[in-house]
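We count residues from 1, following the sequence as given. Just so it is clear, the values below take in all heavy atoms, side chains as well, and ignore hydrogens, waters and symmetry mates. All ligand and atom numbering here is 1-based and tracks the order in the structure.
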Amino acid sequence: MAFYEDWGWKDNDCYCCGWKACAIWTAGLVVAGGVIAVLVIAFAVVYPPKATADDAVLERFALSPGSPASNSTISYNLTATVTLKNPNIYRAIEYGPLAVAFSFNGSGFDDSAAVPAFEAKARKSATVHVTVGGAGKTIKLTSPGVREFQAENDTGKFDVEMRLDTTLQYKGRSAKCPLVVICPLQLQLVDPAVAATAFQRTKCTILRAKKSGC
Ligand SMILES: *[C@@H]1O[C@H](CO)[C@@H](O)[C@H](O)[C@H]1NC(C)=O
Ligand SMILES: *[C@@H]1O[C@H](CO)[C@@H](O)[C@H](O)[C@H]1NC(C)=O
Ligand SMILES: *[C@@H]1O[C@H](CO)[C@@H](O)[C@H](O)[C@H]1NC(C)=O
Ligand SMILES: *[C@@H]1O[C@H](CO)[C@@H](O)[C@H](O)[C@H]1NC(C)=O
């Protein structure tokens with residue numbers, strides 16, 4: 001029985017005797033494993049979005065230090081562009097409305113911007129544009145914060161943190177997942193009449209809720 005001799009389990013622990021049978025078995029296992037891995041990645045695992053700040057312009061950032069420091073006011077004009085990439089190869093991501101907030105040295109100065117709900121298809125990116133401006137708005141700084149402003153004012157480069165708060169839902173899943181995106185922006189004060197300065201593309205941090213289905 002040549003068949004059993006080639007394929008059967010023998011005393012010497014050989015399940016694929018002969019190089020042909022062995023090659024066929026191995027190839028079959030590799031293909032099956034690959035197919036299962038792709039299916040698992042596509043259907044069972046969800047990946048959170050990846051975010052980058054692609055562009056940001058600061059046209060005005062002027063502080064009137066107050067006394068006490070928490071009574072300071074700020075005037076500013078700022079635009080920012082953030083890209084949210086959906087890395088999932090099968091699932092779309094539906095985002096709820098986005099709340100946008102900006103802070104300097106840990107003190108918030110603008111939370112007026114909002115972006116309506118939108119969807120990012122599988123493997124696609126969605127871009128969010130935000131423009132904010134204010135004159136003489138209160139910023140509750142600390143005294144080190146005021147000193148930090150003056151130091152950054154001397155260089156014309158400001159560290160501003162942008163925070164996006166939203167919920168997301170992976171298509172085909174019912175859970176609404178809270179999501180926070182934090183982008184540390186290094187902004188060069190620019191004169192809009194002159195040339196645009198190069199903004200260094202920045203990676204944002206994604207904070208996910210520990211919630212089942214998220
Ligand atoms: C903050 O400023 C306002 C008006 O500019 C003033 O009325 C208020 O007394 C100040 N607060 C403190 C604690 O100084
Ligand atoms: C604010 O600025 C001070 C002085 O530079 C610094 O020590 C502190 O870490 C800053 N705080 C935040 C939240 O950035
Ligand atoms: C800057 O912000 C102020 C206050 O919101 C606004 O009135 C002004 O039009 C803005 N300037 C530019 C150039 O966008
Ligand atoms: C910031 O710098 C500008 C000049 O670059 C100056 O006119 C302004 O008074 C400075 N502001 C503060 C709060 O130091």
* To do: Before signing off on this row, confirm whether Asn153 and ligand 4 have an N or O atom pair separated by under 3.5 Å.
  =>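 Asn153 vs ligand 4: N/O contact under 3.5 Å present.
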In terms of residue, atom name and distance, what is the protein heavy atom nearest to [atom]?
atom	result
atom 13 (C) of ligand 4	Leu63 O, 3.6 Å
atom 4 (C) of ligand 2	Glu148 OE1, 3.5 Å
atom 11 (N) of ligand 2	Asn105 ND2, 3.0 Å

* **Which of the ligand 4 atoms, numbered from 1, are nearer than 4.0 Å to a heavy atom of Gln150** =>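 Counting from 1, the qualifying ligand atoms are 14 (O).
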* Just going by heavy-atom distances, which of Asn77, Thr79, Val57 is nearest to atom 12 (C) of ligand 3? ->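 The residue whose heavy atom sits nearest atom 12 (C) of ligand 3 is Asn77.
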* **Heavy-atom protein neighbour under 4.0 angstrom from atom 2 (O) of ligand 4** =>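 Given the 4.0 Å cut-off, atom 2 (O) of ligand 4 counts as touching protein heavy atoms.
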* Asked: Can you find a protein heavy atom closer to atom 7 (O) of ligand 4 than 4.0 Å?
  ->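 Neighbour list for atom 7 (O) of ligand 4 is empty of protein heavy atoms (cut-off 4.0 Å).
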* Asked: Can we call the ring centroids of Phe104 and Phe149 under 6.0 Å apart?
  ->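 When the ring centroids of Phe104 and Phe149 are compared, they turn out to be within the sub-6.0 Å range.
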* State whether a side-chain donor-acceptor pair under 3.5 Å links Asp110 with Ser112. =>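 Ser112 and Asp110 do have a side-chain donor-acceptor pair below 3.5 Å.
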* Does a donor on one side chain sit under 3.5 Å from an acceptor on the other, for Asp54 and Thr81? ->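 Absent: no donor and acceptor within the cut-off.
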* Near Lys176 NZ, under 6.0 Å, is it more than 12 heavy atoms from other residues, nucleotides or ligands? ->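 Counting neighbours around NZ of Lys176, 12 or fewer heavy atoms of other residues, nucleotides or ligands fall under 6.0 Å, so no.
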* Asked: Do other residues, nucleotides or ligands put more than 12 heavy atoms under 6.0 Å from the NZ atom of Lys137?
  ->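 It does: Lys137 NZ has more than 12 such atoms within range.
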* In ligand 3, which numbered atoms sit nearer than 4.0 Å to a non-hydrogen atom of Gly133? ->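 The list of qualifying atoms is 2 (O), 4 (C), 5 (O).
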* To do: Find all atoms of ligand 3 within a distance of less than 4.0 Å from any non-hydrogen atom belonging to Glu59, and give their numbers and elements.
  =>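 Here the atoms of ligand 3 in question are 13 (C).
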* Find the distance between OG1 (Thr205) and NZ (Lys203) and round it off to the nearest 0.5 Å. =>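 The NZ atom of Lys203 is 9.5 Å from OG1 of Thr205, to the nearest 0.5 Å.
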* Salt-bridge criterion met for Glu152 and Lys157 (N-O under 4.0 Å) ->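 Salt bridge absent between Glu152 and Lys157.
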